[in-house]
2 protein chains.
Amino acid sequence: MLLTTSAEENYLKAIFKISEKEPGPVLTNALAAAMGTSAASATDMLKRLSDKQLVAYEKYRGVTLTPEGDRLATSLIRKHRLWEVFLVDKLGFAWDEVHDFAEQLEHVQGDNLTDRLDEYLNHPRFDPHGDPIPDAQGRWIRRPQVRLTTLTPGQKGIVTGVDDHTSPFLQYLDELGIALGVAIELLDRTAYDQSSKVRIAGKEYTLSEKASQNLFLRLE
Amino acid sequence: MLLTTSAEENYLKAIFKISEKEPGPVLTNALAAAMGTSAASATDMLKRLSDKQLVAYEKYRGVTLTPEGDRLATSLIRKHRLWEVFLVDKLGFAWDEVHDFAEQLEHVQGDNLTDRLDEYLNHPRFDPHGDPIPDAQGRWIRRPQVRLTTLTPGQKGIVTGVDDHTSPFLQYLDELGIALGVAIELLDRTAYDQSSKVRIAGKEYTLSEKASQNLFLRLE
DNA sequence: AAATATTTTTAGACTTGTCTAAAAATAAAT
DNA sequence: ATTTATTTTTAGACAAGTCTAAAAATATTT
């Protein structure tokens, strides 16, 4: 059994998430930026994680997760997302309120807690933001989804996720009646600023390019 | 709003619990013993807690909680016990498995989490070990209960709590069919070692003085 | 290829929380 | 009341995680 601190775990998650977006080793600066810390602190931490065999780290060349580090990061994301499901489905929080809680809850350690929670929640495969929840073996379900910005006028889709988890965006979606599972039809795209004219539940709205970029849809 | 670390919170809880048993200021050594640490470390922490106005600390004279420290300690106990109810009632853990989890969960910070959890659990007033759960205002429900060692032969009672939360004791009770709400009749007390002959669900058992001491009952 | 810019690492310091060993204060015993 | 024992505090050190500033390595530009 391996002992890890919350700080170490947060770095592992950050490395995982950066690796997801850009293949290849994660650079110190990118990691420091993601963690909101200095490059010096990131270097210190990389040495610690390397000592614990959780990352493969080469000076000046960046860092990648070892299989063990990958397993741990995946487990953290699993825990985070399961707790988010709990907070929304069971405790009745809104989808923009749960991130900070889950950020703490994901670090709770101990045998079986995650699997029992998973069982209790009925093995959810997606969290309240539509992100997939890895199963107990670390397997992911990735479903095909596209950004609203990639649709051509006339196409319809069902909202399956968001790429911005901040409260202002999520609350804005709430105001428009946009939630997971809601149908959206792209009516037109404004040439000038790439904003989207859409129909949601019979009503028409305009979404900025920024907002459109952050909405994931499954095509109908 | 006041920021506290888990370490500080654990000291506050320890001070609270020692104060419950023995009135008057808590001495440094007693606190160090309760925390499993050295008197020097306890002194260090008392200075920090004193700076934060959570305790009233006088060198060589011991420490007491300030109203704010008392409020915080009570809230921690509330959180701990609510999480224990969740772990047992919702996730299906046994009463001897939940302490370490709750010890971590009680430190999760954020608005409303505790009250929502309380609501979700239907405002339980006692935890899985029979300990009272303070309400949102920090009010306690204390119910009259006595130790099995104080009964006279022939008296009956209902199990309402335990004074030893360790797995060996709780699992021993499981084996005997002793759980909260179970009726116990004291048949006889052995003069030699003060052990208790009892009847539980029609069957007779012998409980050591130590075990009897750790069982709380409501008299019938 | 040399100069410049960027990135990364090292060095030294700070905080929290811990430790051991020694000093100081208090309490108990003669 | 003085010695002895106990309790508590101080002093100095350590680890984790952070910081800033400076040095070193790498990348880019000319």
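Throughout, protein chains are lettered first and strands after them, A, B, ... in sequence-line order, and every chain is numbered starting at 1. In what follows, every heavy atom counts, from backbone to side chain, and hydrogens, waters and symmetry copies are set aside.
- Going from atom CG of B/Leu3 over to atom P of C/dT15 covers 17 Å, rounded to whole Å.
- Within the structure, salt bridge (charged side-chain N to carboxylate O under 4.0 Å, His left out) contacts touching residues 10-27 of chain B (residues at least two apart or in different chains) are B/Lys13-B/Glu103, B/Lys13-B/Glu106, B/Glu20-B/Arg142, B/Lys21-B/Asp163.
- Take A/Phe101 and apply the ring-ring contact (aromatic ring centres under 6.0 Å, His included) test, not counting sequence neighbours, and it matches A/Phe93.
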Enumerate donor-acceptor pairs with a distance under 3.5 Å from any side-chain N or O in residues 81-91 of chain B to protein atoms, sequence neighbours excluded.
unit_1	atom_1	unit_2	atom_2	d
B/Arg81	NH1	B/Pro132	O	2.7
B/Trp83	NE1	B/Leu105	O	3.4
B/Glu84	OE1	B/His129	ND1	3.1
B/Glu84	OE2	B/His80	NE2	2.9

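- Not counting sequence neighbours, the partners of A/Ser41 by the side-chain contact (heavy atoms from CB on, under 4.5 Å) test are A/Tyr11, A/Thr37, A/Ser38.
- Shown here are the ring-ring contact (aromatic ring centres under 6.0 Å, His included) partners of A/Phe216, two or more places apart in sequence or in another chain: there are none.
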Revision key, fill the gap. Counting primed atoms, P, OP1 and OP2 as sugar-phosphate and everything else as base, the B/S/- map of nucleotides 7-19 of chain D against protein heavy atoms under 4.0 Å is SBBB-----SBBB
